[in-house]
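So you know, we letter chains A, B, ... as the sequences are listed, proteins then strands, and number each from 1.
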Number of protein chains: 2
Amino acid sequence: MRIGQLAEATGTTTKTLRFYEESGLLPPADRMASGYRDYTDDAVGRVGFIHRGQAAGLTLAQIGQILRIREHGQPPCSHVRDLLGERLRELDAQIAELLALRETISQLHAQAAEPEPDTCSADEVCRYI
Amino acid sequence: MRIGQLAEATGTTTKTLRFYEESGLLPPADRMASGYRDYTDDAVGRVGFIHRGQAAGLTLAQIGQILRIREHGQPPCSHVRDLLGERLRELDAQIAELLALRETISQLHAQAAEPEPDTCSADEVCRYI
DNA sequence: ATGAACCTTCCAGTACAGTGGAAGGTCAAG
DNA sequence: CTTGACCTTCCACTGTACTGGAAGGTTCAT
């Protein structure tokens, strides 16, 4: 399977696949006589794993860690569990922060909706912020 | 007021203030005979505005827009209202996305907590993802 | 007069996940 | 034989908000 076909099969681009290889997320592909990369069907699963990891909010670096542990023959289960737990805590903090921000902006927006823009004075940048 | 004093007064660094000037967020400061930047007290308010804008989740580019409109003599109120409304919609989408992600990860994490890591097979990278 | 603390400019790098483009090689169809 | 689609490498750039450091000038106290 050539790189373009893998890209189509996985819903990504050839650029991205080469970037993954360079980043150590995909093993260096075998080459055809022409020098073209030649992928086996496994590659589809591997790219799918990367995408599922990203969908779970892991960074490419974290996904690479898991992949490298797996390559050394050890099941990365406990590591994955830790990673997911950590990500969960990060997410909770992030969500709390965004909710607080939403509250702030919502209030500012409500104030800004009051139709009295004439009272904007020249010595402040904007009374809504 | 020299740049270091402004930095201290606004809780930031001289690097950041020069960066703001270069980015068009602060007007080019007057210079003393020595070439040192010489700020008036207004600058404190202006930097404060930038920080409040950031706290409201606006990007520096958006804050710069408001500042530039203000400089042309027009009160940026309606623009700010639009910006805040837009930011509110973005935030809602972002929060919804993160909540969904939290759900997904929470489930994966709960599965990964089950103590049966022996069943990890060699042909999949990790059954939890 | 000399050292510390402050300032100046300019260049380069950080993290993240790619994206764009140039210059050139390969392959199948017409 | 040429055209077009595909592939290769390499280098540089995107956006965001800074940060680090080098090389040099200024100010003030001792």
Side-chain angles (χ1 to χ4, degrees), chain A residues 1-26 28-39 43 46-67 83 86-87 90-91 94 97-98 101, chain B residues 1-26 28-39 43 46-67 83 86-87 90-91 94 97-98 101:
Chain A
M1 188 192 269
R2 285 176 315 182
I3 197 169
Q5 293 166 322
L6 178 58
E8 193 166 4
T10 56
T12 185
T13 65
T14 59
K15 280 280 189 192
T16 298
L17 292 174
R18 288 191 203 98
F19 169 73
Y20 285 167
E21 180 177 315
E22 197 189 340
S23 310
L25 291 164
L26 292 177
D30 286 343
R31 300 299 178 122
M32 305 179 185
S34 60
Y36 288 9
R37 285 175 179 78
D38 192 9
Y39 292 97
R46 181 111 174 186
V47 175
F49 177 78
I50 296 173
H51 287 161
R52 287 193 304 281
Q54 285 191 301
L58 300 177
T59 64
L60 291 187
Q62 291 174 320
I63 296 168
Q65 262 177 48
I66 298 174
L67 254 17
L83 233 40
E86 193 186 319
R87 185 74 193 114
E90 281 170 19
L91 263 183
Q94 211 178 336
E97 219 172 282
L98 286 184
L101 183 55
Chain B
M1 190 193 272
R2 284 176 317 181
I3 196 169
Q5 294 167 321
L6 178 59
E8 193 166 1
T10 56
T12 185
T13 65
T14 59
K15 278 281 191 194
T16 299
L17 292 174
R18 286 190 206 99
F19 170 73
Y20 285 168
E21 179 177 314
E22 198 188 341
S23 310
L25 291 165
L26 291 177
D30 286 344
R31 299 302 178 117
M32 304 180 188
S34 60
Y36 287 10
R37 284 174 181 79
D38 191 9
Y39 291 98
R46 182 110 174 187
V47 175
F49 177 79
I50 296 173
H51 287 161
R52 288 194 302 281
Q54 285 192 300
L58 301 177
T59 65
L60 291 186
Q62 290 173 320
I63 295 169
Q65 261 178 49
I66 298 174
L67 254 17
L83 233 38
E86 194 187 318
R87 185 73 193 115
E90 280 171 19
L91 264 182
Q94 213 178 335
E97 223 171 276
L98 286 183
L101 182 54

Working for side-chain contact (heavy atoms from CB on, under 4.5 Å), residues Phe19(A) and Thr12(A): CA-CA 11 Å; Phe19(A) 169 73; Thr12(A) 185; over 6 Å; no
Can you give me the bend angle of the helix from dA1(C)-dT30(D) to dG30(C)-dC1(D)? Use the axis through the first five pairs and the one through the last five, nearest 10 degrees.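 Between the first-five-pair axis and the last-five-pair axis there is 30°.
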Using atom [atom1] of [X] as one end and atom [atom2] of [N] as the other, report the distance to the nearest whole Å.
X: Arg18(A); N: dT9(D); atom1: CZ; atom2: P; value: 7 Å
X: Ile3(A); N: dT8(D); atom1: CD1; atom2: C1'; value: 10 Å
X: Glu21(B); N: dT8(C); atom1: CD; atom2: C1'; value: 12 Å
X: Glu8(A); N: dC7(D); atom1: CD; atom2: C1'; value: 16 Å
X: Leu6(B); N: dC6(C); atom1: CG; atom2: P; value: 15 Å
X: Asp38(A); N: dC6(D); atom1: CG; atom2: P; value: 17 Å
X: His51(B); N: dA17(D); atom1: NE2; atom2: P; value: 12 Å
X: Glu22(B); N: dA17(D); atom1: CD; atom2: C1'; value: 12 Å

Once each nucleotide of nucleotides 23-30 of chain C is scored for protein heavy atoms under 4.0 Å, what B/S/- sequence comes out, 5' to 3'? --BBS---
Where along nucleotides 12-22 of chain C does protein come under 4.0 Å, by heavy atom, of base (B) or sugar-phosphate alone (S), with - for untouched nucleotides? -----BBSBB-
Rounded distance [0.5 Å steps], CG in Leu60(B) versus CD in Gln65(B):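 Reported value, rounded in 0.5 Å steps: 12.0 Å.
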Roughly how far, to the nearest 0.5 Å, is the CZ atom of Arg46(B) from the CD1 atom of Ile50(B)?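 Those atoms lie 6.5 Å apart.
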Would the distance check show the side chain of Glu8(A) and the main-chain N or O of Gln5(A) forming a donor-acceptor pair, the cut-off being under 3.5 Å?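 No; judged by distance alone, with no hydrogens or angles, the pair does not exist.
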For residues [X] and [Y], report the shortest heavy-atom separation together with the two atoms involved.
X: Thr14(B); Y: Gly4(B); value: CG2-CA, 3.8 Å
X: Leu17(A); Y: Leu26(A); value: O-CD1, 3.9 Å
X: Leu25(A); Y: Leu67(A); value: O-CD2, 3.5 Å

If we only count heavy atoms from C-beta on, is the Asp30(B) to Tyr39(B) side-chain gap below 4.5 Å?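 No, side chains not in contact.
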Contacts of Thr13(B) that satisfy side chain to side chain donor-acceptor pair (under 3.5 Å) - sequence neighbours left out: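 For Thr13(B), the residues satisfying side chain to side chain donor-acceptor pair (under 3.5 Å) (neighbours in sequence not counted) are Thr16(B).
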Non-neighbouring partners of Arg18(B) that pass side chain to side chain donor-acceptor pair (under 3.5 Å), sequence neighbours left out: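 Side chain to side chain donor-acceptor pair (under 3.5 Å) check on Arg18(B) returns nothing, list empty.
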If you look only at distance, which donor and acceptor atoms sit under 3.5 Å apart when one is on a side chain in residues 31-38 of chain A and the other is two or more places apart or in another chain?
{"from": "Arg31(A)", "atom 1": "NH1", "to": "Gly35(A)", "atom 2": "O", "distance (Å)": "2.9"}
{"from": "Ser34(A)", "atom 1": "OG", "to": "Tyr36(A)", "atom 2": "N", "distance (Å)": "3.3"}
{"from": "Arg37(A)", "atom 1": "NE", "to": "Glu21(A)", "atom 2": "OE1", "distance (Å)": "3.0"}
{"from": "Asp38(A)", "atom 1": "OD1", "to": "Met1(A)", "atom 2": "N", "distance (Å)": "3.0"}

